[in-house]
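On a predicted model such as this, the values are computed, not experimentally measured, just so you know. For reference, positions follow the sequence shown, starting with 1.
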Amino acid sequence: RRVNMKRFVEMTTEDVGSALQETNAILISLGQLVQHGAHLPINTDLLEVTATVERIVGILNKDQPRIVQGPLIPFGHSPYHRDFPGYISLEPETLAHVVRDIGIGLANQGFRRQVYLNLGGAQGPLETGTYLVREACDINLHVLNWFEVVAGIECSTAGKGEYDGHGGERETSCVLAIAPDLVESDRRFAHESNLHTQSKDLPLVRFGMATNMTDRHRALSVWSIKDITPHGHYGDPTVSTEEDGHRILDTAAEIFAEFI
């Protein structure tokens with residue numbers, strides 16, 4: 001029978017077996033559970049990555065089953081948020097091993113093509129974990145980064161030459177599109193960090209989603225979020241709209257789906 005392509009976590013064991021007869025590809029998402037200022041919930045990244053993955057799977061499975069919507073890994077490595085209440089952070093070795101164990105387990109079931117979409121502070125541990133899966137199982141894996149694509153999608157803050165980053169215009173727009181009731185709109189205000197102002201004319205420097213991250217010539221400065229902002233967010237969430245959120249999520253999903 002033709003499988004009903006439900007999400008992996010909602011399938012029965014028979015559904016998984018049937019899905020594997022259609023495709024051996026699975027899309028696993030990873031987010032971070034951290035504060036996003038006074039106006040956004042701490043599950044902002046989980047909302048964004050899940051909404052993006054649902055759109056990707058919808059595009060890819062429009063005509064035939066091509067990929068299974070896999071599980072969400074809800075914790076990242078986010079030590080730079082520890083100055084603010086509202087976070088859960090795994091140590092990098094722990095997270096890498098979680099990714100390794102999930103990947104190997106899925107590969108042993110038959111998912112030999114695995115794509116990971118990261119939204120949050122876990123790129124290093126995620127890449128380490130997937131390399132461990134590759135060494136153990138000799139399968140095809142790809143790691144994608146949500147912010148690197150979304151940074152190239154236009155927004156008014158970046159258009160003015162200002163930094164749009166954590167809890168800023170793009171992220172607030174996305175949450176307005178996904179779960180508007182979770183946005184504390186009366187708490188929204190713009191914040192441009194002194195660090196941003198001081199570093200604008202320096203070469204290689206970039207914060208958050210200020211410019212198109214496909215340009216890889218940049219320095220990695222090791223900051224705590226509190227070094228950048230005392231409020232937990234930066235950018236201008238006051239100009240965010242639900243319509244822009246749908247545009248950002250749809251555009252990102254189309255780009256990721258084309259790659260996959």
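Contact record, Met5 with Thr23: CE-CG2, 4.2 Å, taken as the closest heavy-atom pair. The minimum heavy-atom distance between Pro125 and Leu95, with the atom names listed, is CB-CD2, 3.8 Å. Taking every heavy atom of both residues into account, His166 and Gly232 meet most closely at CD2-O, 3.2 Å. Residues Met11 and Ala19 share a closest heavy-atom pair of CE-CB, 4.0 Å. Looking at every heavy atom in both residues, Pro79 comes nearest to Ser89 through N-OG, 3.8 Å. Closest non-hydrogen pair, Ile28 versus Pro71, comes out as CG2-O, 3.4 Å.
Tracing side-chain contacts under 4.5 Å through hydrophobic residues (I, L, V, M, F, W, Y), one never reaches Tyr87 starting from Val175; they form parts of separate clusters. Hydrophobic clustering (ILVMFWY, side-chain heavy atoms < 4.5 Å, transitive): Ile59 and Phe256 are in distinct clusters. Linking Ile, Leu, Val, Met, Phe, Trp and Tyr residues whenever their side-chain heavy atoms come within less than 4.5 Å leaves Tyr116 and Leu132 in two separate clusters. Both Leu33 and Val53 sit in one connected hydrophobic cluster of ILVMFWY residues. Membership requires side-chain heavy atoms under 4.5 Å apart, directly or through other members. Linking Ile, Leu, Val, Met, Phe, Trp and Tyr whenever their side-chain heavy atoms come within less than 4.5 Å puts Val143 and Phe111 in one cluster.
With a 4.5 Å cut-off on side-chain heavy atoms, His77 and Leu90 do not count as touching. A 4.5 Å side-chain heavy-atom check between Ile56 and Leu27 finds at least one atom pair inside the cut-off.
For Gln35 (side chain) and Gly37 (main-chain N/O), a donor-acceptor pair under 3.5 Å exists by modelled atom type. A donor-acceptor contact shorter than 3.5 Å links the side chain of Thr241 to the backbone of Asp244. Looking only at distances, a side-chain donor or acceptor of Asn145 sits under 3.5 Å from a matching main-chain atom of Glu148. Under the 3.5 Å distance criterion, the side-chain polar atoms of Asn61 are left unmatched by any main-chain donor or acceptor of Gly58. Of the possible donor and acceptor atoms, none in the side chain of Thr238 sits under 3.5 Å from a partner among the backbone N and O of Arg188. With Arg7 contributing its side chain and Gln69 its backbone, the two residues share no donor-acceptor pair below 3.5 Å.
By the side chain to side chain donor-acceptor pair (under 3.5 Å) test, Thr172 is found to be paired with His39, residues two or more places apart in sequence or in another chain being considered. Residues satisfying the side chain to side chain donor-acceptor pair (under 3.5 Å) test with Ser29, not counting sequence neighbours, are none. Applying the side chain to side chain donor-acceptor pair (under 3.5 Å) rule to Glu169 yields the partners Ser156, Thr157; only residues at least two apart in sequence or on another chain are considered. Partners of Arg112 by salt bridge (Lys or Arg N to Asp or Glu O under 4.0 Å), not counting sequence neighbours: none found. Shown here are the side chain to side chain donor-acceptor pair (under 3.5 Å) partners of Asp250, two or more places apart in sequence or in another chain: Arg55. Among residues two or more places apart in sequence or in another chain, the side-chain contact (heavy atoms from CB on, under 4.5 Å) test is passed with Ser193 by His191, Leu195, His196, Ile228. Scanning for salt bridge (Lys or Arg N to Asp or Glu O under 4.0 Å) contacts around Arg187 gives an empty result, with sequence neighbours left out.
No side-chain donor from either of Arg113 and Asn140 sits under 3.5 Å from a side-chain acceptor of the other. In this structure, a donor-acceptor pair under 3.5 Å is present between the side chains of Thr12 and Asp15.
For the side-chain contact (heavy atoms from CB on, under 4.5 Å) with Pro41, the qualifying choice from Val183, Asp181, Leu47 is Leu47, the only one to do so.
To the nearest 0.5 Å, atom CG of residue Leu141 and atom CD1 of residue Ile26 are 11.5 Å apart. A distance of 7.5 Å separates CG in Asp164 from OG in Ser240, rounded to the nearest 0.5 Å. To the nearest 0.5 Å, atom CG of residue Leu144 and atom CD1 of residue Ile260 are 6.0 Å apart. Here the CG-CD distance, from Asn24 to Glu22, works out to 12.0 Å after rounding to the nearest 0.5 Å. The line from CD1 of Ile73 to CG of Leu30 is 4.5 Å long, rounded to the nearest 0.5 Å. Taking OG1 of Thr52 as the reference point, atom CD1 of Ile178 lies at 6.5 Å (rounded to 0.5 Å).
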Could you walk me through whether Cys174 and Trp146 satisfy the side-chain contact (heavy atoms from CB on, under 4.5 Å) test, starting with their C-alpha distance in whole Å, then the side-chain angles of each, then the deciding distance to 0.1 Å, before giving a yes or no?
CA-CA 12 Å; Cys174 287; Trp146 190 86; 4.1 Å; yes

Might you work through the side-chain contact (heavy atoms from CB on, under 4.5 Å) test for Val133 and Ile139, ending with a clear yes or no?
CA-CA 8 Å; Val133 177; Ile139 65 172; 3.8 Å; yes

Might you work through the side-chain contact (heavy atoms from CB on, under 4.5 Å) test for Arg170 and Ser173, ending with a clear yes or no?
CA-CA 5 Å; Arg170 291 185 181 97; Ser173 291; 5.7 Å; no

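The neighbour count for Glu10 CD, taken as heavy atoms of other residues, nucleotides or ligands under 6.0 Å away, is above 12. Within a 6.0 Å radius of CD in Glu154, other residues, nucleotides and ligands contribute 12 heavy atoms or fewer.
The salt bridge (charged side-chain N to carboxylate O under 4.0 Å, His left out) pairs that include a residue from residues 85-98 are Arg82-Glu91, where partners are two or more places apart or lie in different chains. Applying the salt bridge (charged side-chain N to carboxylate O under 4.0 Å, His left out) test to residues at least two apart or on different chains, the pairs with a partner in residues 124-137 are Arg134-Asp138.
In this structure, His233 has its ring center no closer than 6.0 Å to that of His36.
Cluster partners of Tyr131: none. The rule joins Ile, Leu, Val, Met, Phe, Trp and Tyr whenever side-chain heavy atoms lie under 4.5 Å apart, and it links nothing here. Tyr80 belongs to a hydrophobic cluster with Phe84, Ile225, counting contacts under 4.5 Å between side-chain heavy atoms of Ile, Leu, Val, Met, Phe, Trp and Tyr, direct or through other members. In the hydrophobic clustering (ILVMFWY side chains linked at under 4.5 Å, chained through shared members), Val239 stands by itself.
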